[in-house]
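Single-structure report; data block below.
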Amino acid sequence: MVAPPVRTGLSLGRFGAMREAGLIVIILALCVAMSFASPHFATWGNVRAMLMSFSIEGIVVVGMTVLLIVGGIDLAVGSVVCFAMVVGGSMFLMGLDPWTACLIAIGASALVGAGMGFFVTVVGLNHFITSLAAMVIVRGLCLVITKGTPLSLFTLPPEFKAIGQGEFNGVPYVIIIFVVIVVLFDFLLRRATAFRKVFYTGSNEKAAEYSGIRTRQVKFWVTVLCSTLAGLAGVIYMSRFGAATPTFGVGMELNIIAAAVIGGASLTGGAGTIFGAILGIALLSVVTSSLILLDVSVYWQDMIKGCILLAAVSIDHFLNRRKS
Amino acid sequence: MVAPPVRTGLSLGRFGAMREAGLIVIILALCVAMSFASPHFATWGNVRAMLMSFSIEGIVVVGMTVLLIVGGIDLAVGSVVCFAMVVGGSMFLMGLDPWTACLIAIGASALVGAGMGFFVTVVGLNHFITSLAAMVIVRGLCLVITKGTPLSLFTLPPEFKAIGQGEFNGVPYVIIIFVVIVVLFDFLLRRATAFRKVFYTGSNEKAAEYSGIRTRQVKFWVTVLCSTLAGLAGVIYMSRFGAATPTFGVGMELNIIAAAVIGGASLTGGAGTIFGAILGIALLSVVTSSLILLDVSVYWQDMIKGCILLAAVSIDHFLNRRKS
Amino acid sequence: MSGGNVLEIRKISKHFGAVQALAEVDFMLERGEIHALCGENGAGKSTLMNIVAGILAPSSGEIRLEGLPVHIGSPAEAQRLGIGLVHQEIALCKDATVAENILMAATNARRAPLMNFSELNRTAQKVMNRLAPIPVTRRVGALSISNQQLVEIAKALTLDCRVLIFDEPTAALTEAETQALFCIIRGLKQRGISIIYISHRMAEIFALCDRVTVFRDGRYVSTDRIAEVTPDHVVRRMVGREITQLYPEKLAGEPGAPLLEVERLSDGAQFSDVSFTLRRGEILGLGGLIGAGRTEIALGVCGLAPTTQGSIRVDGQPVAIADYTDAIRAGIVYLSEDRKHSGVFLDLSIAANVSALDLRKLTRNGLVDRRLELTQAITLCTRLGVKMGAIGDPVSSLSGGNQQKVAIAKQLSVKPRVIIMDEPTRGIDVGAKSEIHKLLRELAADGVGIIVISSELPELLGISDRVIVIRGGRIAGEVTGAMTEEAVIRLASGVGGNFADVA
Amino acid sequence: ETANPFKCEPGEKYVMNVMVSGVEYWFPVYEMFKQAGQQFGCETAYTGTPEYDVNKQIASFDQALAQNPAGILVHPMNSDPFIEPINRAVDQGTAVVTFAADSPNSKRVSFITSDNLAEGTYAADAVAEAMGGKGEYAVLENPGQDNHDKRVAAFITRMEAKWPDMKLVGRAASNQDPTKAYQAVLSLIQANPELGAVFMPEANSAIGAAQASKENGSKVRVMLADVNANILDMIKAGEIFGSVNPNQGMQGYMGFMLLWLANHPDLIDPMNDTARSGKNGMAVPFVDNGFSIVTAENADDFYWDKYLKRRGTKGIEE
Ligand SMILES: Nc1ncnc2c1ncn2[C@@H]1O[C@H](COP(=O)(O)OP(=O)(O)OP(=O)(O)O)[C@@H](O)[C@H]1O
Ligand SMILES: Nc1ncnc2c1ncn2[C@@H]1O[C@H](COP(=O)(O)OP(=O)(O)OP(=O)(O)O)[C@@H](O)[C@H]1O
Ligand SMILES: [Mg+2]
Ligand SMILES: [Mg+2]
C-alpha cells in the first residue's frame, strides 16, 4: 500500500530524482546539438577541458548547496577561495612546506566561516548581510597580505603542483578529488543523521527547535563547512595555477549560487541536492564552452548565454511541474 | 483604546521608526567622529561629494526596496542602469532629441522588467534566477549595442546635461530629484492602498491571494517598477557622465541590496522602508568617504570598511532587539 | 426544485496526482441554513471548500450559484460572487496589523488611492470586539495562535457574503469564544446568509446546525436534518463503524510516585509562581481561557522559553533544563499547539517528520537507518490512522487533521517519560480522537506521565484524572474527583471561590 | 642670483587618483610621481577607490578635490564620465593630467600614456615572428575597458595587415578572470588543435591561459600586456612567451612634471597667443611614456618588491 521510498526517505525523494532528470535531459540535449555543430565537442580532450573548468568550483558548489539547504547563503565564497590561496601562498613563501601551508590556509578559511557563523547564530544577523561584510573584509585581508601584488609560487614543489596539474591514468587529480567530494557529500546529505538535521533546520527552523535540534549549532557548522570547502578549493587553485592573485574569485559567488539554484536548491531553505547543483554548474560550463567552440562573437556570447540559461531553467521548471 | 498610528499605520509603525533611529544614531556618530578626525569632512564640498555619490544609486535602492518587500530580488539592476544609458545614448546618436531618447530608454528598461515579471509570474521561476539570467542577457545587449566601446555623448545639449551636472541655488539637480523620489515613494509605501498590497503579498502571498489580491499582478508591477527606476537612474547617469559605457554598473546590485537590507528590508519579504534603505546606502557611502578622507592605506580600506559595516549592522540589530 | 438552494455542487471530483480527494460529490446548500459538513480526516471537506472558494480547480463537475452555473477561478472571483471562507489553516500576514488583516479584502477593493488608517482601525476594532477584545493595532505575528484564529474569523465577517464557510473555526477556541462565534453565526443566518460549518465536535454541530452532510473517503454519504439524527448516527456514517466509548477508563487506583515536580516556576512576564506535581501513570489536564498562559508554562518547563525562577525535578532529581534538548534528554517532550509553524516540516516527507524528534534511535554508524525509519513511521501512522498517499510524500499533501496526527506520531516515537500535549486533538476526527485518547491512557498505564492542555472542555474532563486551572498566569485551582465543566469554567474565569479546591 | 624656480610653495600638494587602487600596476607610477614631488619639495598623496566602479572613483576624485590640491594625476576609468569632474577641478584652479586612459573632451591639460596601439602592434609582430609568420592565434578580451580594447584591436589589425598567414581562430571574453581565461583557452585549444598563440591585454587572464597551455603541451604562446611577479616568473620559466609593459615610472614622473608645469605657466614666455587668449602656455597635450618588452632576459628588472627594496621606500604608503 505504501510506495517504497525512492533513493531517500526525504520528501524530495522521488521528486528530487525527477528534478535532476529534467536537467540531465537538457544538458544531454545541448551536448548532442553541440556534437553536430562542432566536431571538437565530443572529444575526450574537450570533455576533460569542461570537467577541469568546473571541477574546482564544483567543490565550492557543494558547500554552498548545504548552506542553502539550511536556509543560509554565502556571498563570501569568492573571497574565501582567494584568501586560502593567499594565506597558503604566503605561508609557503615564508618557508613552510606547502602541505602544512595548505592546512593552515584551510584552517584559516574555516575560521572565517566560524566568524560568520558567530555573527549569524550568536549576534543574530542574517547570512546575507554577514557574508556580504565578510566578502569585503576577507577580500581586504587578501590585499593586506599580498600588498596588492600576485604572489608568485613558482617554486612550489612538483609533487604539490601535481594535485592541480597532474593526472592519474589520464584522469586529472582535480577531477578525482571533485568526484570523491561530490559523491561523499551527496551520500552524506541523503543518509547521514547530521545532515538530516540540516534539512530539518532549513525546512522549518522553529519546528526543528521544537524537535530538540540545536538549530544554531547546525547553522554554525554548515557555515563553517561552506567556508572550509571554499578554502579547500582555494588551495587546489593555488596548486593548479601556481600563483595567488589578490583579485581571484571576484564575482564567483553569483555563479556558485546560480548553479545550486538551477540544480533545485531553494533560497528559502529546506530543499536541494548536491547532484542537482553539480548539474547546474555543468550546465553553465557547457554553455560557456559551447559558445567559445562555436566561435560566437564576444559581444553576443553573454546574451546568448543568458538566454540559454533562462530557457533551460524554464524548461526544467516546466518538466517538473508536469510531473509533480 | 486603539493606539494612534505612529507616523503611519504601517504594521511596523513604531518599530519601524525605531529601526531607523538606530541607523541614524550610528551614521551621526560616524559623522561626528569624522568631523574631529578630518578638517575636510564637514565641508560643503565633501558633503556634496558624498550626497552625489549615492543619490543616483539611491533611486535604484528605492525600487529594490519595494521589490524586496514583495519578496522578490533583482540582480539585474546594474545591467539595466547600463542598458538605459546605452539605449538612450545610441538613440541620441541616431539623431533623436535627448528627452525622447531618454523616454525610450526608460521604456526599454521597463520592458526588461516586464520580461522578468513574465518569467516570474507566468512561467513561475523565482526572482533570483530570472534576474540573474536577465543580468547576463541585458549586459550582453549593452555589449551588442555598443560593440564594446563607450558611446561618447559629448554633444548632448547643455540643458540636458544640466540634469546630471547642474545646480539650483547651489544644490545639484541630482540631489533634488533623489530627494523628491525618496519622499514620494516613502509616502506612497506607507500610505497608498496599492503599495499596501505589496506588503501583504510579501508578508504572506497565500493570505493576500485569499483576500482577493491579485498577487501575481502585484509582483509583476513591482518588478517593472524596480527596472523602471533603474532605467531612470541610468538616464540620469547618462546626463551626469555624458557617456554610456557598456561595463557601467557591474556589481552594483550587491551594493543596492546591501543598502536595503541594512535599512531593515527582509530578503523573505514583508518588511522594509524606503527611509531605512536610504540610510543604508548613506552609511555605506559615509564609510567609504571617511576612509578615503582619513587617508587610510588602500590595503586596509576594504577590511576596515567591512568591519565597520559589520559593527554597524550588529549595533543596529542590538539596539532594535533591546527596544522590541 | 432547486429554488431554495443557494449553492449546488454536482458531481465534483478532484485528484492530486494519484490521490483521489473527491469522487463525484454532491452538496446542496439552502438559503439561510447552517449546514454542517462532517467526515473523517482526509474525507475531502477542505478540498471541496477550497474548490468553492476558488483556491483549487476541480478536476470535473459543476458548481451552481443561485441556480446558475459559475466558474470560480480565483479567490477574488469567489469574493465577487459572495462566497467567503474561514480557512482551516491560518493564513494571515504576520507583518501587518490585526486591523489590516481583518479588512484586507476591503482594502483591496477600495478605490481611494490612500489608506485611511484611523477609519480602518475603528472599523476593524468594531468587528473584532464582537469576538474578543484584541487590540487591532497589534502585529498579527505577536498574537498567540488562538488569537490568530479569532482574527481569521473576524476577517471573514467583514466580507459581504451570500455563502460563508467555516472550516473548523473552533479547533483552537475555548468555550467563551465559541459561544460568541455561535451568536454571530446565528445572527448571520437571520440576515439570510447561508453557512457551511465544518467541525469534528458533534456537540457544536448539534447545537448550531440545521442539516448535516457526511463525506467518507472523498464520497458523498448522506444529508439529514439535524433534528432527525443523533450524534452516534452521524459518527457511524462518518467512520463506518460504531464508536462505543468516547473516552477511555480513568486511572483506577492511586497514581504512582511523583515524576515531574515543578516548583515556583516564573518567566517574569506571562506566568509566575507555578507549582504542580505530575505523578507516574496519571493524565493531568491544564485548563483555562485563551491567553491564560498554559502554553507559556509548558514552554517554560521544556526549556523552549526562558524562565526566571523556579526549579524542576524529574523522579525526585533536580534537572537543569536550558534548552529543549536537555528536556528531551530528561525524557520530557512537548507537542506544539501551532502545528504549521512549529509542529511539522511541511516540505519534508511523512517519514522524516515522524523521526525528527529522536534521530539517535534511528542512527547506525552515523547514518539514518532508513528501513528502521520507515518501519517506525508506518507503524505509528497506521496506528493513528493517517490517511496518506505514500510515506515518502510531503506532509503538505495531507489534510489538516492528518498533519496533526503526524505531529503526534512524532512525539510518540521517542518513548518519553513525560508528554506535554498542547491541544493534541486539534482538528482530529472522532474516530482518531478516541484512538489517541486510548493510546495516551495506555502510555499512562505504562508509567508515563502525561499533561494535556486542551481548550475543549469535554475532552479535558474526559481524558484527565485531574485538572489544574490556570488564570492570568497563575494556578487558580484544581478540580478532582467528579469533575464538572462548570467547576473549571468558574475557576478559569475567576467567578466564585478563588484559589479554592473545588472537589 | 635668482632663486631656484623649480620648487613648491608650502602646502602645494599633488594627488594621484585611480580605481582598483589596491592593484600593483599603479605602484611604480606613484613611486616616480612621489620622487618627482620630493625633488620639488611638494606633498604627494595616493588616492582612489579599491573598487572597479566609476561612480566610486568619481566620489574619491571629488573628495580629493574638496581639499584643494594643486594638481591631480588621474586615471579615468571611463573617459566621458570624468568630463564634468575634471572640468570642475580645472575651474576651481586644480590642474588635471590624465594617464594611461584619457578623457579627451575634458579640460585636462595633458595626457600621458604608452601607446596602446604600438603595444598591440609590437605584440603582434613578436608573436608572428616567433611563429614564422604562419599559424593560428586567438585573443582573450575584456570588452568595455578602453585601453584593453585598443590593444586587442591593434593586435588584430597588425596581424591582418602585415601577417596574412596568421589566422584569427577565436575570440573569447575572459574579463580579467584567471578561471574564465583557463576555461576559454582550454575550449579554444579543443576547437583549434593547431592554435599557436593567444594574446590578452592584461595580466590576470595570463595566469589561467598559461596553465591551460601548459596542460596541453605548452604549444600555445601566451602574450600579454602588463607584468607582475608571477608573470615574470613564468616568463623566465618559458611558460609565458612575453609581455609588453608600459613604462610606469615615466608615466608617474612625467605626469608630475606636466601637472607642476601647468601650475606654473609664469615660468615661460613663449612666442604665441597664450597671453592674449588666456590659455595655459605650459600645456603639453600628449606625452608618450613608451613601453618595454619583457622577456626572460630582462624580467628580473621588473619585480616590484625588489625595486622597492632597492629604493628603500614604503611605496604608496607615503
Ligand atoms: N496538495 C495536495 N496534494 C496531495 N494530496 C492532497 C493535497 N491536498 C489534499 N490532499 C489529499 O486530499 C484528501 C482530502 O483532504 P482534505 O484536506 O480535503 O481533508 P479534510 O476532509 O479537510 O480533512 P481534515 O478533517 O483533516 O481537515 C486527503 O487524503 C489529502 O491527503
Ligand atoms: N509571540 C507572542 N508575542 C507576544 N505575546 C504573545 C505571544 N504569544 C502569546 N502571547 C500572549 O501571551 C499570552 C498567553 O498566550 P496563550 O494564548 O499562549 O496562552 P494559553 O493559555 O496557552 O492559551 P491557549 O488556550 O490559546 O493555548 C496572551 O496574552 C498572548 O496574547
Ligand atoms: Mg480540512
Ligand atoms: Mg496555548
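Numbers restart at 1 for each chain; the letters A, B, ... are given by sequence-line order, proteins then strands. The model shown is predicted, which means the values in this text are computed figures rather than measured ones.
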Could you check if a side-chain atom of F92(A) sits within less than 4.5 angstrom of a side-chain atom of P157(A), using non-hydrogen atoms only?
yes
Would you say E202(D)'s side chain and N204(D)'s backbone share a donor-acceptor pair under 3.5 angstrom?
yes
Pick whichever of I231(D), L186(D), N175(D), N216(D) has the most heavy-atom pairs under 4.5 Å with chain A.
L186(D)
Short side-chain donor-acceptor distance under 3.5 Å, S174(D) and N142(D):
no
Distance-only side-chain donor-acceptor flag, E31(D) / Q35(D), under 3.5 Å:
no
Positions in residues 187-197 of chain D that reach chain A, provided some heavy atom is under 4.5 Å away:
S187(D), L188(D), Q190(D), A191(D), P193(D)
So which part of L151(A) gets closer than 4.5 Å to some heavy atom of chain D, the side chain, the backbone, both or neither?
backbone
Is a donor from one side chain sitting under 3.5 angstrom from an acceptor on the other, for Y303(D) and D233(D)?
yes
Flag yes if more than 12 heavy atoms outside K167(D) fall under 6.0 Å of its NZ atom; otherwise flag no.
no
Check the pair T146(A), E24(D) against side chain to side chain contact (heavy atoms under 4.5 Å, CB included), reporting the backbone distance first and the verdict last.
CA-CA 10 Å; T146(A) 59; E24(D) 84 170 326; over 6 Å; no
Examine whether an atom of S285(A) lies under 4.5 Å from a heavy atom of chain D, and if so say whether it belongs to the side chain, the backbone or both; otherwise answer neither.
both
Would you confirm whether the ring centroid of F155(D) sits within less than 6.0 angstrom of the ring centroid of Y137(D)?
yes
So, the part of T43(A) with a heavy atom under 4.5 Å from chain D: the answer is side chain
Measuring heavy-atom distances to chain D, does D295(A) have an atom under 4.5 Å in its side chain, in its backbone, in both, or in neither?
side chain
Do V136(A) and R139(A) make a side-chain contact, defined as non-hydrogen atoms from C-beta onward lying under 4.5 Å apart?
no
Can any side-chain N or O of S239(A) pair as donor or acceptor with the backbone N or O of V235(A) at less than 3.5 Å?
no
Sort V169(D) into side chain, backbone, both or neither according to what part of it lies under 4.5 angstrom from a heavy atom of chain A.
backbone
Answer with side chain, backbone, both or neither: which region of F27(D) has an atom nearer than 4.5 Å to a non-hydrogen atom of chain A?
side chain
Among S289(A), G251(A), G249(A), S297(A), which residue has the highest count of heavy-atom pairs closer than 4.5 Å to chain D?
S289(A)
May I ask you to name which of Y52(D), W304(D), Y182(D) has the most heavy-atom pairs under 4.5 Å with chain A?
Y182(D)
Quick one: what part of K214(D) sits under 4.5 Å from any heavy atom of chain A, side chain, backbone, both or neither?
side chain
Is it the backbone or the side chain of P150(A) that comes under 4.5 Å from a heavy atom of chain D, or both, or neither?
both
Verify the neighbour count for atom NZ of K306(D): are there more than 12 heavy atoms of other residues, nucleotides or ligands below 6.0 Å?
yes
Ranking E317(D), K180(D), E239(D) by heavy-atom pairs under 4.5 Å to chain A gives rank one to E239(D)
Test item: R158(D) side-chain N/O and A124(D) main-chain N/O as donor-acceptor pair under 3.5 Å:
no
Honestly, the part of L153(A) sitting under 4.5 Å from a heavy atom of chain D is backbone
Contact origin within Q176(D) toward chain A - heavy atom pairs under 4.5 Å:
neither
Heavy-atom cut-off 4.5 Å, strictly under: side chain, backbone, both or neither for L293(A) against chain D?
both
Apply the test side chain to side chain contact (heavy atoms under 4.5 Å, CB included) to residues T44(D) and M16(D): give CA-CA distance (whole Å), side-chain angles for both, the deciding distance (0.1 Å), then the verdict.
CA-CA 8 Å; T44(D) 59; M16(D) 183 169 141; over 6 Å; no
Side chain, backbone, both or neither: which part of F241(A) has a non-hydrogen atom closer than 4.5 Å to chain D?
both
Choice from V23(D), I207(D), V20(D), D177(D) maximising heavy atom contacts with chain A below 4.5 Å
I207(D)
Can you tell me which portion of T245(A) sits under 4.5 Å from chain D's heavy atoms? Options are side chain, backbone, both or neither.
side chain
Sort R240(A) into side chain, backbone, both or neither according to what part of it lies under 4.5 angstrom from a heavy atom of chain D.
both
Which one wins on heavy-atom pair count under 4.5 Å against chain D: A243(A), G242(A), P172(A)?
A243(A)
Contact check, side chains of N245(D) and D226(D), non-hydrogen atoms, under 4.5 Å
yes
Cut-off 4.5 Å, heavy atoms of chain D, and the answer for M52(A) is both
Donor-acceptor contact below 3.5 Å, side chain S243(D) vs main chain V294(D)
no
Using 0.5 Å steps for rounding, measure from the OG1 atom of T288(A) to the CD1 atom of I304(A).
12.0 Å
Spacing of D74(A) atom CG and I256(A) atom CD1 [to the nearest 0.5 Å]
10.0 Å
Whatever's closer than 4.5 Å to a heavy atom in chain D on Y237(A) counts as side chain
